[in-house]
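Input: a single structure, listed below in structure tokens.
Just so it is clear, the model here is predicted, and its values are computed rather than measured. Side chains included, hydrogens not; waters and symmetry mates left out as well; all remaining heavy atoms used. First the proteins, then the strands, lettered A, B, ... as listed; each starts at 1.
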Amino acid sequence: MTIGLTHYLILAALLFCCGLFVMTTKRNAVGILIGVELVLNAACLNLVAFSRYRVGTIDGQIAALFIIVLAAAEAAVAIAIFVNYYRMLATIDADKGDELRG
Amino acid sequence: MNVPTPNTWLPSADELHLFSPEFVLVGTIVAVLVVPLLVGRRPEVPALIAVLGCFVGLVATWAVSAQVADGPQAGMVPPSAGATPMLLADRFSVFYQLLLFLALGLITWLWLIGVQKRNGTDSTAERGGPEFFVLLLTSALGMMLMVSSLNLLVLIIAIETASLPSYALVASDKRSRLGAEAALKYVMFGATASAIMIYGVSLLYGRFGTLDLSVIASALDARYAELRSTVATFAPVTHVGVTDAVFWLGLAALGVGIIFKIAAVPMHYWCPDVFQGAPTEVTTWLSVASKAAGVGLLLRIVSLFTVTGPWPPPNLPPAVAGHTYAMTVAVLVGILAAVTCTVGNLAALRQENVKRILAYSSIAHAGYMMMAAAIIAAPSAASGVSAPTYNAGMAAVIAYLFVYLLMNVGAFGATALVVWQTGTDHLSAFTGLGRRAPWVALPLAVCLFSLVGLPPLGGFTAKWYLLLALGKSAATQPWLWVLVVVAVINTAISLYYYVRIIRQMYLRDDAALPAFRPPGGGVALVSACAIILLLLGTLWFSPLGRRAQALASDVYARPPAAHAELSHPM
Amino acid sequence: MSTIELLLITGVLLPLASFVLLAFVGSKLGKPASGWVAVLAMAASCVLAMVALVQWQGLDAAGRAAARSAPVLWATLGGMPIKFGVNLDSLTLIMFFMVTFVSTWIFVFSVGYMAGHSDEIDGVSKFHRFFTYLSLFGFSMLLLVIADSLLLLFIAWELVGVCSYLLIGYYFHKKSASDAGIKAFVTNRVGDFGFIIGLGMVVLFLGDLSLAGAAEKFHHEFMAGGPLFSRTFCGLSLATWMGMLLFCGAIGKSAQFPLHVWLPDAMEGPTPVSALIHAATMVAAGVYLTARIFVLLTPEAQQFVATIGCITLTLAALVAIVQTDIKKVLAYSTISQLGYMMLGMGVGAWIAALFHLLAHAFFKALMFLGSGQVIEGCHHEQDMRKMGGLIRKMPVTAVTFLVGVLAIAGVGIPAVWMPGHTPFGLGGYFSKDEILAVAWHRVYGENHGENEVAPGAEIQNPKSRIHNAEAAALRPEPRTLNPLLFWIPVLMAYVTPFYMMRCWWLTFMGKPRDHHVHEHAHESPLMYVPLVVLALGTFVSSYYLFRPLVAAAAPHPFLTVSYDGAAAEAAEAHATMISHGAHAALATRVGLAFAVGFVLAWLIYRKGLAVGEKLAVALKPAYTVLVHKFYFDELYGFVLIGGTMALNAISYAFDKFVVDGLVNLSAFVTERLSWFSGMIVDQGVVDGMVNGVGRGTWTLGGLVRSPQVGRIRNYILFAATGVAVVVLWIAFV
Amino acid sequence: MSGEAIAFYMLAVLAAGSALGCVIATNIVRMALCLLGTLGAVALLYFLMAANFLGVIQLIVYAGGTLILIVFGIMVTSRMYGEKLKPRRSEALIGALVVLALFAGLVAILWRGPWVTVVPTEQPNSVAAIGQALLGTYLVPFELASVLLLAVMIGAAYLAQPAARNGRGTEREE
């Protein structure tokens, strides 16, 4: 059995779903961020797999490259906001921030 | 010295000129960073530079508008064989540049007033003048590129460029507990949405083998043509568009990112919380610019499906035409639009916080604007409608956005003045405002009535053009009537909560609350908005419509597949 | 722009100027001065209107046509020009005059009325604000009157709505007043909703929003059998729907069934506001609108209008019988009279309906101001049961009020009525009579050959060209109306004098029932001068001043029906006239209604006053009403049994028949039914519906925001659920 | 079973297992470790797909940069060590149901395709090719990303800096 596109896609889908689940269940804000990283990894895996098995250009790889950069940027901003949040509320529990509601 | 390899490429002067507004913005960012190092961190310095940048940017935009007068120009076409343009410049994107520069200028104004009014001088460093403007300008850059990108990768990066600085902006008042909470929610929700969107883009890449929107558009065309021939020979083919599950999945996931920017249902949850928690000038920026860019992007994406030629297609049985890509997208967008504006208006009814009311109102307005995106079929003479040369939906959105900018800047600006004075944004802070600060209350009332859409104000003009566009298209696509009815019902609902604020200002009073003198600059800002709204509803009623039509002419916003004039001889 | 137009436009702008002035420097002008500014502006408008009216009367047909100048292009909307101009015709002028005249005196009255009030609310003076709103109201109404485009009309319409909200809720610290303001506003929005959709249809199918242009296109469309007439929805042509939807606006503003609920509540506003809303401006706007869109109404739509009017006038008249609040009696009587006007519109009595509107404006303003005088004089006592015998303390008020009562009751001597002769009678006599006569004609009349148009002939009319075939299809033909639409209003014509006389008698005659109230009662000149003026106006403003002017403005002779006696105008040469038989029939049926009504009211309340004092102390008002409505109850019991509520009445009838006998039965049934229509229909069902919609929306609002729990993870979960649903849909559907 | 298949399955199990570990772990530090596992496995999968440069980047930027950032974030914000941040059981249940349904839907769609059918050619896959593409075809996103990174750095630095209270900023200058 040769490894084809679908294998990678299913793996990516699994990562995607894990990431989404992490985002919805982790109360630690950093945990939510980790979920986001998982989803982004799924997208990158998809892109590279398509690039490799179907398209045959390096476009997919380049896109994945940019997404890695974006993930880093996003993490930087998110961590800075977490630090700020932690400073204000003295916790990293995302559920504690529920003053804004209704 | 290395000899440049053939693939290394610098865009031509023409191309660079085409995107000079963006370059002006980048230049302003650098200036905002560098100049304070030279002259000191006074808050006026970065603001002044930003305003200056806006002016230069407007001039550049004007120059570009002359360049795109003949039609859309594709830009940044790489020299390699088969390469496709990355960016597009047309009147629609020029309009967005104009809008964003205008919004930038107004927000800068508001920020300056806020700095002076809110905390006194000792904390100006706290407000992070240069940092604030770097973030603001960068997000503006992202928003401009969102509307003019022709490539999904550029699109993603543009959206992130618009979003990431916005997250930071929400937390820019570092001593605000609510601001910190709002920023956390915003960044988390935004990261989720963009992650889903990126996953969707990866699927679209797999489906079409390209990230280029023009190629995707022509692939859709090809599929459409294939479909027509199939129908001619093997009728009936059912669910032609719907069988393409991967495509729809990718599109839906991409849509998640877009409607997150618009704050439409079901990705609207962040909006009220963030709008309430963010500093008011940032809220204004998000409600105006971020939303506007999202709507523009939606129109661009949706217009990929624009069916050129008569509608419904003559050789397609109506039952099948109902299942084409275009029809499905239109109906989905229409449903989202209807739900969005209904949810926004209903949820606003019971709010007690003015910023939150306005947040929900902005959700509702996003819904109205999305309705225009449901007008998808190109108007044509064959269907019996007199053929305008412009895209009615786009023209309506252009008019709407312009008015919306003024209404929201006015309403949020006045709210900001009250908030800075009283320290609270609860509805009770507005009690007796008609007596305490008549020059804030009156423009605010005008803006609110305009948000309702009462004549003779700009809001009415905007809704009028929107409903007119919907009604005209409904002549050939009767389902659009539903949207018209929903919009009208929603207007009636929305009246209630806007009038609540007005009632609080004029019909409630409490002698214990002192009158106050709002800062002159702030009064000037909100009054200017109110006066222009009044003019837009009266004297400038048809000029606005004409201008919007002109800006939406020549486009079905379908990116040109390739561009001969600008390709390089290299 | 002709002189007359200039006069009118100036007249419109004067109240606006007053509004702007008061809005900005009103607080500096202080208590009496700011009021006088508003009065001056309105009085100046009134003078201008009079000048314009005199000039207009001096012009012949050609001169009148020349006086109309082309409207100014304002905007072009998708190929449709939007033009604004003055809709110059006799109706505009007379309406303009009426609005300015009545408003002026109401304003004068207001200065007196508001001066007596503590105007400090939460420590902030509101006096000038009241006149600010009044000026804006006056401006909006005048703008509405001169508007020649449906769009401009709509704008003025909305402005009137906003002002009414502000004025009704003027005593905002009173929760009931604030709620009443909101109720008025929201109820009107319900009607406006239909209006807006109707406007949308006008834009789409006619492509012209000017009144004249839309009428022209409508007729053209009719001749061509365009989509407006060929397409149907629920069995009615789109044209009919369009007319009905446009009329929805009038339903809201003129407080027609089922949207009449706001008007009695609107009595929470200061009394001058009630007078302004009920007499000259807001409610009149609905009738005026109907008159202006009359040419866009198909026969089916007209029938709808007539039916609504009939239901309204019946319900309101019955409810008015049992009211004890003096202002509420007047409110219900207004609704009832508006019902008559709408009925008139619906049956084709265009001229009579507007005539009734104008006449009604005078005497209703008079009565409201009179009631304001009473309320003010009696220290804000509005309950008639505590009044009585006030004629000694307030002679001027009582006499002028009586003039109003006589006018609304339609006092006249029918025996003297002969075409061409001078009959005796007050405004309401002629107008209501003519409405009913036209209704009679539509039910039983015969079309005499003399009005037929030669085949193929085309009649030249200054307003529009109408073809023969169209005339045949759109004209209100005799014998096409449901007889109920004639008989119910006729019977209600007997109720009107009854409840008005009851009101007057309880208030002014008999022995004082509450000495505290009676001792302090007084009247002030500033407030009774307007009363006298309006009473004189009521005398003058009858047949010979208003009707010819209104008749000259009739939209098209083919579409309206009128008395033949007044067909002097050349333009009316081909109008549908009703035969003499109608007069004869009416004279015997309703001619002496006022007499019957008055006498019966006197019989009952003369006797009831003695008992009333005792009962007022015992606080058994419902019982008082029940016992002392003997003869009338019997009469109206039959009306209702014959009417739409037959089932209810019969069920009660059977219940009570055995026990109390026929007479008591009718009394009870009538009381029950008026209570029913008041409590159940008015406050229960319709209020419930309106409130229910409001509450439903409110609950829905809570529901919609309930996911906004404040926790980001849950937001993500909601969004993820949305995504999952979409994915599953794509995958498996 | 070919060597490629064995390698794929091992890496897939590692990636999926680490991802599931992220799901299960309640301790944030363990979650970060699991993320490292996933990132590494994905990087190796890139190598397997002959995207060597990308694999290296994944290791350097993602595992070496972003993850460090996350760990840094954890360290700064986890003063209350040992506090259990567990979601409610009902939330986890609903989340699990939603995600499982989503997974089923995704698999159903991904299984069917259709995907683009360009025959894969031998592609220039060297670092040089990628570099040229970045400065050629992808110049615009490249430059845009650099502006974005600049702004993000400034924003993050600004936010992470503690707020100066009572004009401490001016004190520092003195």
Taking a cut-off of under 4.5 angstrom between non-hydrogen atoms, the residues of residues 157-166 of chain B near chain A are Ile157(B), Glu160(B), Leu164(B)
Calculate, to the nearest 0.5 Å, the distance between atoms CG and CG belonging to Asn84(A) and Leu184(B) respectively.
10.0 Å
Just how far is it from atom OH of Tyr85(A) to atom CE of Met188(B), taken to the nearest 0.5 Å?
11.5 Å
Looking only at heavy atoms, the pair that brings Val77(A) and Ala168(B) closest together is CG1-N, 4.5 Å
Looking at every heavy atom in both Val55(A) and Gly209(B), which two are closest together, and how far apart are they?
CG1-O, 3.4 Å
Select one option (side chain, backbone, both, neither) describing which atoms of Leu211(B) are under 4.5 Å from chain A's heavy atoms.
side chain
Considering only heavy atoms and a distance below 4.5 Å, find which of Val170(B), Leu178(B), Ile156(B), Val274(B) pairs most often with chain A.
Leu178(B)
Residue among Ala78(A), Ala73(A), Gly60(A) with most heavy-atom pairs under 4.5 Å to chain B:
Gly60(A)
Which heavy atom of Met88(A) sits nearest a heavy atom of Ser176(B), and at what distance?
CE-C, 3.8 Å
Ala75(A) versus chain B, heavy atoms under 4.5 Å apart: side chain, backbone, both or neither?
neither
Between Ile81(A) and chain B, with a heavy-atom cut-off of 4.5 Å, which part of the residue counts as in contact: side chain, backbone, both or neither?
side chain
Identify the two heavy atoms, one from Ala191(B) and one from Val36(A), that lie closest to each other, and give their separation to 0.1 Å.
CB-CG2, 3.7 Å
Under a 4.5 Å heavy-atom criterion, the part of residues 16-24 of chain A in contact with chain B comprises Phe16(A), Leu20(A), Met23(A)
So what's closer than 4.5 Å to chain B heavy atoms on Phe66(A): side chain, backbone, both or neither?
side chain
Taking side chain as everything from C-beta outward and backbone as N, CA, C, O, which of these in Leu152(B) sits under 4.5 Å from a heavy atom of chain A? Side chain, backbone, both or neither.
neither
For Leu47(A), is it the side chain, the backbone, both, or neither that has a heavy atom closer than 4.5 Å to a heavy atom of chain B?
both
